[in-house]
Amino acid sequence: MTITPATVTVEQVAQMIDHALLRPELTVRDIHQGCAVATQYQVISVCVRPSDVPLAVKLLDGTRVLVGTVIGFPHGSIASPIKAAETELAVEQGAAEVDMVLNIGWLRSGELDAVEADIRAVVEAAGAAPVKVILETAYLTNEEKVAGCQAAERAGADFVKTSTGFAPSGATAADVTLMRASVSPHIEVKASGGVRTLDQLLELANAGATRFGASATADILDDLARRRESAVASAST
């Protein structure tokens, strides 16, 4: 079934959004405001910088909004033991999900065993917390994207993810389609990077994405609410 404003509710889309609070210039006040937006719209999670995990956990205590964070972000070139240690600390501090950047240079070099081991180190450190593996598709060939997705699945990851939002380009429907076809059905695809409008989100959802990283959360969900209200009003006239 094609996903359209008529076939999906605001609440359903909110439960597909990780509200992103990752820009380096964000202040403590910005984190407070971002967590308030996440609570207002009841998104599935916020994704914050590692240093902001304790604050986000405190701000979201008593809500249904999860706290996620990033590992090896945004370049993916941090040594695997450091990624594992970063993951362990984040989970100890209350992170319920982790989004890790794989080693992009190793993937482009064809060092797939090393890429897989790097991901597995984070998966093991995360314990029960789901791990989303960021490929950073802007830098990869289609063959490398497929290889990265398959390495992530072999390593035990729960999601494959398009982008950090810091590369020259972000999520595309073509990449989501390719990634969806490259992993087993139980592995989910997260689209991130440049997801700023409802139409973009719906296009990516129809390509196979089930989770989205977005900072324009309020705009996306408000647009969906307006379109659904308009459709109801039109139907009643």
Side-chain angles (χ1 to χ4, degrees), residues 3-5 7-71 73-74 90-91 93-101 129-132 134 158-159 161-167 170-171 176 188-205 209-232:
I3 302 171
T4 70
T7 63
V8 68
T9 67
V10 173
E11 292 76 17
Q12 287 170 328
V13 172
Q15 283 297 296
M16 301 169 76
I17 293 177
D18 296 335
H19 185 55
L21 300 169
L22 296 170
R23 297 196 313 273
E25 75 276 16
L26 294 181
T27 64
V28 170
R29 181 180 180 184
D30 292 327
I31 303 303
H32 278 260
Q33 292 174 339
C35 287
V37 168
T39 301
Q40 177 185 347
Y41 288 91
Q42 286 295 289
V43 296
I44 192 165
S45 79
V46 295
C47 190
V48 299
R49 300 167 302 195
S51 58
D52 296 320
V53 168
L55 174 59
V57 168
K58 179 180 178 181
L59 293 173
L60 294 169
D61 183 41
T63 76
R64 294 186 301 162
V65 181
L66 303 175
V67 175
T69 194
V70 288
I71 303 298
F73 195 85
V91 171
Q93 291 179 330
E97 299 184 337
V98 295
D99 293 32
M100 71 160 291
V101 188
V131 174
K132 305 170 201 150
I134 305 169
D158 301 277
F159 288 76
K161 176 179 171 181
T162 58
S163 321
T164 62
F166 288 81
V176 169
E188 298 186 61
V189 179
K190 177 176 173 178
S192 186
V195 185
R196 299 187 180 91
T197 69
L198 176 61
D199 288 330
Q200 287 174 308
L201 185 148
L202 294 176
E203 179 187 19
L204 295 165
T210 53
R211 191 77 72 89
F212 303 91
S215 57
T217 299
D219 291 339
I220 290 168
L221 295 176
D222 287 347
D223 187 15
L224 177 56
R226 283 192 297 269
R227 293 199 207 183
R228 288 181 62 82
E229 288 171 4
S230 177
V232 169

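Counting begins at 1 with the first residue of the sequence. Below, all heavy atoms of this structure are taken into account, side chains as well, without hydrogens, waters or symmetry copies.
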Measuring from [X]:[atom1] to [Y]:[atom2], what's the distance to the nearest 0.5 Å?
X: S192; Y: D99; atom1: OG; atom2: CG; answer: 7.5 Å
X: F212; Y: L202; atom1: CZ; atom2: CG; answer: 8.0 Å
X: K190; Y: S163; atom1: NZ; atom2: OG; answer: 10.5 Å
X: T197; Y: L224; atom1: OG1; atom2: CG; answer: 12.0 Å
X: I220; Y: M16; atom1: CD1; atom2: CE; answer: 11.0 Å
X: T164; Y: I134; atom1: OG1; atom2: CD1; answer: 6.5 Å

Heavy-atom closest contact ([X] atom, [Y] atom, distance):
X: S51; Y: P54; answer: O-CD, 3.8 Å
X: V46; Y: A56; answer: CG2-CB, 4.4 Å
X: V65; Y: V43; answer: CG2-O, 3.6 Å
X: F166; Y: L22; answer: CZ-O, 3.9 Å
X: V101; Y: P74; answer: CG1-O, 3.8 Å
X: P5; Y: L198; answer: CG-CD2, 4.4 Å

Could you work out, with salt bridge (charged side-chain N to carboxylate O under 4.0 Å, His left out) as the rule, every residue matching E97, not counting sequence neighbours?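 Checked E97 against salt bridge (charged side-chain N to carboxylate O under 4.0 Å, His left out); matches are K132, R211.
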Any residue meeting salt bridge (charged side-chain N to carboxylate O under 4.0 Å, His left out) with E229, in chain and number order, not counting sequence neighbours: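 Not a single residue meets the salt bridge (charged side-chain N to carboxylate O under 4.0 Å, His left out) criterion with E229.
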Just by distance, do the side chain of [X] and the backbone of [Y] share a donor-acceptor pair under 3.5 Å?
X: D18; Y: G213; answer: no
X: R49; Y: R23; answer: yes
X: T39; Y: C35; answer: yes

F159: partners by ring-ring contact (aromatic ring centres under 6.0 Å, His included), with sequence neighbours left out: none
With side chains defined as the heavy atoms from C-beta onward, is the minimum distance between [X] and [Y] less than 4.5 Å?
X: L21; Y: D30; value: no
X: V98; Y: T69; value: yes
X: L201; Y: I17; value: yes

Pairwise side-chain hydrogen bond (donor to acceptor under 3.5 Å, both in side chains) hits with a residue in residues 58-67, at least two apart: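 The answer is Q42-R64.
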Test: side-chain hydrogen bond (donor to acceptor under 3.5 Å, both in side chains). Region: residues 215-225. Which pairs qualify, not counting sequence neighbours? H19-T217, Y41-D222, D223-R227
Steps toward side chain to side chain contact (heavy atoms under 4.5 Å, CB included) verdict (Q93, V57): CA-CA 8 Å; Q93 291 179 330; V57 168; 6.0 Å; no
Checking T9 now: which residues fulfil side-chain contact (heavy atoms from CB on, under 4.5 Å) with it, not counting sequence neighbours? E11, Q12, R228
